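The shown structure was predicted, so the numbers you read here are calculated from the model rather than taken from an experiment. Atom set for the values below is all heavy atoms of this structure, side chains included, hydrogens, waters and symmetry mates excluded.
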Amino acid sequence: MESPNQPHSARWSQLKEELRQQQARFDREVQQDLDRYTQQGGRIFCGKGCQNCCTLTVNASLSEALRVTEALPESQPQLEDYILQLRQVLPEAADLKHYLKLQRSRLGACPFLDDAGSCTVYQVRPFACRALLSTRPADWCGVDFSTLTALDKQLFLSSLDPSVVDFPTQYLATPRETGQQLEGAAVT
């Protein structure tokens with residue numbers, strides 16, 4: 001990266017290009033992981049419009065968030081509504097766990113989904129979204145585990161392969177780990 005005196009637009013252009021390259025490299029590596037996993041008999045249940053993971057809270061670095069904002073259409077009424085609802089929910093959250101529950105139950109799905117449940121910013125989505133690849137049917141991505149019985153939790157956990165998933169979740173581990181590292185690097 002060039003000096004801090006470099007004009008903001010030139011620095012931002014460089015950051016965007018670096019992020020674009022990282023995301024493209026990440027996508028290629030994930031595809032290789034998926035190919036290996038499926039060749040070994042594994043299955044990924046993610047698909048266009050499944051959207052249950054889109055009710056999870058997503059971390060994004062500043063450069064990722066700025067890249068997403070550039071991909072948005074001029075008017076984003078659903079995003080504005082989401083922000084207004086978020087402002088109402090935040091003061092009610094006693095802690096992170098409570099916020100996550102409120103976010104999912106009251107705010108619902110990501111404001112970037114279209115009416116068909118497809119991501120409108122898919123090409124520029126953050127690493128946190130790119131890294132969620134479910135080894136279980138999409139319904140599991142939307143389950144509130146605090147509502148499951150002890151037996152249901154035990155059955156779910158025992159169905160996971162800890163050598164493949166980011167235990168205790170059903171998401172492939174390698175993309176999640178790599179995505180978190182890249183997200184951290186994108187912050188700097």
Return the minimal non-hydrogen interatomic distance between Arg104 and Asp144, and the atom names on each side.
NH1-N, 4.3 Å

Can you find a pair of side-chain heavy atoms, one from Thr135 and one from Tyr37, that are under 4.5 Å apart?
yes

Are Leu90 and Leu107 connected in the hydrophobic side-chain network, where two residues link if heavy atoms are under 4.5 Å apart?
yes

Show the numbers, then the answer: is there a salt bridge (Lys or Arg N to Asp or Glu O under 4.0 Å) between Arg20 and Glu17?
CA-CA 5 Å; Arg20 188 196 63 72; Glu17 180 56 24; 2.5 Å; yes

Give the C-alpha distance, both sets of side-chain angles, the deciding distance and a yes or no for side-chain hydrogen bond (donor to acceptor under 3.5 Å, both in side chains) between Asp35 and Gln31.
CA-CA 6 Å; Asp35 291 345; Gln31 188 58 55; 2.9 Å; yes

For a quick test of your reading: what N or O donor-acceptor pairs under 3.5 Å do the side chains of residues 165-173 make, sequence neighbours left out?
residue : atom : partner : partner atom : Å
Asp166  : OD2  : Arg176  : NE           : 2.9
Asp166  : OD2  : Arg176  : NH2          : 3.0
Thr169  : OG1  : Asp166  : O            : 2.7
Thr169  : OG1  : Tyr171  : N            : 3.3

Could you state the interatomic distance from CG (Leu182) to CD (Glu29), rounded to the nearest 0.5 Å?
7.5 Å

Any donor-acceptor pair under 3.5 Å from Asp114 side chain to Thr120 backbone
no

Leu72 side chain near Val121 side chain, heavy-atom distance below 4.5 Å:
yes

Only counting residues at least two apart or in another chain, list the ones meeting salt bridge (charged side-chain N to carboxylate O under 4.0 Å, His left out) with Asp27.
Arg130

State, without any angle test, whether Ser61 and Glu183 hold a side-chain donor-acceptor pair at a distance under 3.5 Å.
no

When rounded to the nearest 0.5 angstrom, what is the spacing between SG in Cys141 and CG in Leu132?
7.5 Å

Is there a side chain to side chain contact (heavy atoms under 4.5 Å, CB included) between Phe127 and Gln23 once you walk through the steps?
CA-CA 7 Å; Phe127 288 117; Gln23 288 176 332; 3.7 Å; yes

May I ask whether Leu100 and Val89 are part of the same hydrophobic cluster, defined by side-chain heavy atoms of I, L, V, M, F, W, Y residues being less than 4.5 angstrom apart, directly or through others?
yes

d(Phe26 CZ, Thr178 OG1) to nearest 0.5 Å is 6.0 Å

Side chains of Arg136 and Leu160 in contact at under 4.5 Å (non-hydrogen atoms)
yes

Indicate the ring-plane relationship of Phe156 and Phe145, choosing parallel, tilted or perpendicular according to the 30° and 60° boundaries.
tilted

Determine whether Tyr82 and Leu102 fall in the same hydrophobic cluster, where Ile, Leu, Val, Met, Phe, Trp and Tyr are linked whenever their side-chain heavy atoms lie under 4.5 Å apart.
yes

Which heavy atom of Cys46 sits nearest a heavy atom of Cys50, and at what distance?
CA-SG, 4.2 Å

Heavy-atom closest pair (Thr57 atom, Gln103 atom, distance to 0.1 Å) is OG1-OE1, 3.1 Å

Rounded distance (nearest 0.5 Å) linking atom OG of Ser63 with atom CZ of Arg11
13.5 Å

Side chains of Lys153 and Thr149 in contact at under 4.5 Å (non-hydrogen atoms):
no

Using the side-chain contact (heavy atoms from CB on, under 4.5 Å) rule, pick out the option among Asp33, Val164, Val30 that qualifies with Thr174.
Asp33

Using the rule that two of Ile, Leu, Val, Met, Phe, Trp, Tyr join whenever any of their side-chain heavy atoms come within less than 4.5 Å, decide whether Leu148 and Leu157 are in one cluster.
yes

Evaluate the side-chain proximity of Asn52 to Phe45: yes if any heavy-atom separation is below 4.5 Å, no if none is.
no

Any side-chain heavy-atom pair of Glu70 and Trp12 under 4.5 Å:
yes

Run the salt-bridge test on Glu64 and Arg125 with the 4.0 Å N-O cut-off and return the result as yes or no.
no

Are Arg43 and Thr38 side-chain neighbours, meaning at least one heavy-atom pair lies under 4.5 Å?
no

Grab the two heavy atoms, one from Ala109 and one from Leu113, that are nearest each other, plus how far apart they are.
CB-CD1, 3.6 Å

For the pair Ser146 and Lys101, evaluate side-chain hydrogen bond (donor to acceptor under 3.5 Å, both in side chains) and give the outcome as yes or no after the intermediate values.
CA-CA 9 Å; Ser146 68; Lys101 190 175 187 85; 2.8 Å; yes

More than 12 foreign heavy atoms under 6.0 Å from CD of Gln154: is that the case here?
no

List for me each residue that meets ring-ring contact (aromatic ring centres under 6.0 Å, His included) alongside Phe112, sequence neighbours excluded, and say none if there are none.
none

Hey, could you give me the CZ/CD distance between Arg106 and Gln88, rounded to the nearest 0.5 Å?
7.0 Å

If you measure from CG on Asp161 to OG on Ser163, what distance do you get to the nearest 0.5 Å?
3.5 Å

For residues Val68 and Leu62: do they belong to one hydrophobic cluster (side chain heavy atoms under 4.5 Å, members Ile, Leu, Val, Met, Phe, Trp, Tyr)?
no

Of the non-hydrogen atoms in Pro91 and Arg87, which two are nearest, and what is the gap between them?
CD-O, 3.1 Å

